[in-house]
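In what follows, a single structure is set out as structure tokens and then discussed.
None of these values were measured; they are calculated from a predicted model. Just so it is clear: chains get the letters A, B, ... in the order the sequence lines come, proteins before strands, and each one is counted from 1.
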Protein chains: 2
Amino acid sequence: MKIGAVSELTGCNIETIRYYERIGLLAAPPRRGSYRDYGPSDVDRLRFVRRGRELGFSLEEIGTLLDLAPQDGATCETVQTLAEQHLRNLRAKLADLIKIETALAHLVAQCGTRPNNYCPVVEFLAREF
Amino acid sequence: MKIGAVSELTGCNIETIRYYERIGLLAAPPRRGSYRDYGPSDVDRLRFVRRGRELGFSLEEIGTLLDLAPQDGATCETVQTLAEQHLRNLRAKLADLIKIETALAHLVAQCGTRPNNYCPVVEFLAREF
DNA sequence: CTACACTCTGTAGCGGCTACAGGCTCAAGA
DNA sequence: TCTTGAGCCTGTAGCCGCTACAGAGTGTAG
């Protein structure tokens with residue numbers, strides 16, 4: 001299976017697949033001639049990566065998850081810890097964005113209410129403290 | 001006023017200030033000897049940039065805002081349009097993050113409920129479609 | 001046999017910084 | 001006066017997660 005087919009099946013860009021190989025997230029597949037020759041397990045692994053990205057994990061975290069995934073025993077606790085940490089970061093970022101959203105929405109809502117076409121947004125950005 | 005003092009006053013990293021100059025967001029200040037010599041208006045401008053960043057604007061958008069800020073006339077409408085566009089992007093990103101947060105929280109909540117220490121997070125990432 | 005789609009490697013760019021290395025300058029203290 | 005050391009200078013490279021080339025090679029269908 002050539003890289004184009006893998007790209008189709010996984011939704012990952014061809015360049016991205018090669019990038020993942022370069023950084024060691026995917027093993028270099030065997031070659032048929034000079035072309036990379038992928039098997040179904042590569043497709044699975046790539047889909048795993050992709051879904052990990054969709055959940056906002058970094059490539060490094062995904063690498064860890066990929067290492068943990070086939071293990072037995074304490075796997076779930078370790079993964080859970082990782083996921084919970086990620087969730088905390090996510091929530092922190094979310095809280096920041098919500099603050100920004102609120103502040104900006106408030107400013108924009110005041111646009112057009114000032115005399116002389118004065119702009120509340122600019123006013124906020126330019127004011128002294 | 002030397003760059004260190006500006007850094008203190010604005011909370012911007014020294015390297016960042018020089019970076020802003022390099023990309024043309026801040027004008028190159030005059031020199032006293034070989035040292036950059038800033039005035040109060042530079043501090044104002046930098047604070048403007050910083051607050052713009054805190055509202056999530058890109059440096060390019062901030063450049064536009066800085067150009068618009070001292071104008072009269074149609075300023076507010078233009079700024080408002082920019083800010084509204086930014087707000088839309090922000091809300092889209094927020095919606096994405098909330099989806100991720102919900103999905104991940106749901107998965108993590110199921111950790112430890114599976115037999116054989118099987119992990120719901122890994123299960124989600126590895127499952128076929 | 002030719003045309004053409006696909007793949008290859010290697011490199012550089014994006015945004016928004018941050019982190020050096022290696023040198024220069026300036027003011028205060030001995 | 002001389003030295004020390006904090007601060008500044010330039011230039012370059014790195015971070016993440018791709019993406020976009022250039023320029024070459026390969027494989028297959030007509």
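- Looking at the side chain of E15(A), the nearest of the listed nucleotides dT26(D), dC21(D), dG16(C) is dC21(D).
- Per the geometry, CZ belonging to R50(A) stands 13 Å off C1' belonging to dC18(D), to the nearest Å.
- Across dC24(C), dC18(D), dG27(D), the shortest atom-to-atom separation from the side chain of Y35(B) is found for dC24(C).
- In this entry the distance linking CZ of R22(B) with P of dT10(D) reads 10 Å, nearest Å.
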Could you check L46(A) against Y38(A) for side chain to side chain contact (heavy atoms under 4.5 Å, CB included), going step by step and ending with a plain yes or no? CA-CA 11 Å; L46(A) 250 178; Y38(A) 295 97; over 6 Å; no
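- Atom-to-atom, NZ of K2(B) to C1' of dC8(D) comes out at 7 Å; the value is rounded to the nearest Å.
- Note that CZ of R36(A) is 11.5 Å distant from CG of D42(A), once rounded to the nearest 0.5 Å.
- For the pair R31(A) and dT9(C), the criterion of a side-chain N or O lying under 4.0 Å from OP1 or OP2 is met.
- Atom CD in E21(A) sits roughly 11 Å away from atom C1' in dT9(C) (whole-Å rounding).
- Within the 3.5 Å criterion, the main-chain N or O of I3(A) finds no donor-acceptor partner in the side chain of S7(A).
- OP1 and OP2 of dT10(D) both lie 4.0 Å or more from every side-chain N or O belonging to R18(B).
- A salt bridge links E15(B) and R18(B); the closest N-O separation between the charged side-chain nitrogens and carboxylate oxygens is under 4.0 Å.
- Nearest to the side-chain atoms of S34(A) among the listed nucleotides dT7(C), dT12(D), dT26(D) stands dT26(D).
- In this structure, L25(A) atom CG and dC16(D) atom P are separated by 13 Å, rounded to whole Å.
- Nearest nucleotide to the side chain of S58(A), out of dT9(C), dT26(D), dG17(D): dG17(D).
- In this structure, the OH atom of Y19(B) is 14 Å from the C1' atom of dG14(D), given to the nearest Å.
- Residue Y20(B) places none of its side-chain N or O atoms closer than 4.0 Å to OP1 or OP2 of dG16(C).
- I17(B) places its CD1 atom 13 Å from the P atom of dT10(D), with the value rounded to the nearest Å.
- Distance from the side chain of I3(A) is smallest to dT7(C) among dT26(D), dT7(C), dG16(C).
- Between R36(B) and dT10(D) there is a side-chain N or O to OP1 or OP2 distance below 4.0 Å.
- No engagement by I23(A) is indicated, since no non-hydrogen atom pair under 4.0 Å with the nucleic acid exists.
- Here the side chains of Y19(B) and I23(B) are in contact, with some heavy-atom distance below 4.5 Å.
- The phosphate of dC17(C) (OP1 or OP2) has a side-chain N or O of R53(B) nearer than 4.0 angstrom.
- DNA chain C is contacted by both R32(B) and E60(B); E60(B) maps to the nucleotide lying nearer its 5′ end (nearest heavy atom per residue).
- T16(B) has no side-chain polar atom (N or O) that falls below the 4.0 Å cut-off from OP1 or OP2 of dG16(C).
- Regarding N13(B), its CG atom lies at a distance of 12 Å from the P atom of dC8(D), rounded to whole Å.
- Note that CZ of R91(B) is 11.0 Å distant from NE2 of H86(B), once rounded to the nearest 0.5 Å.
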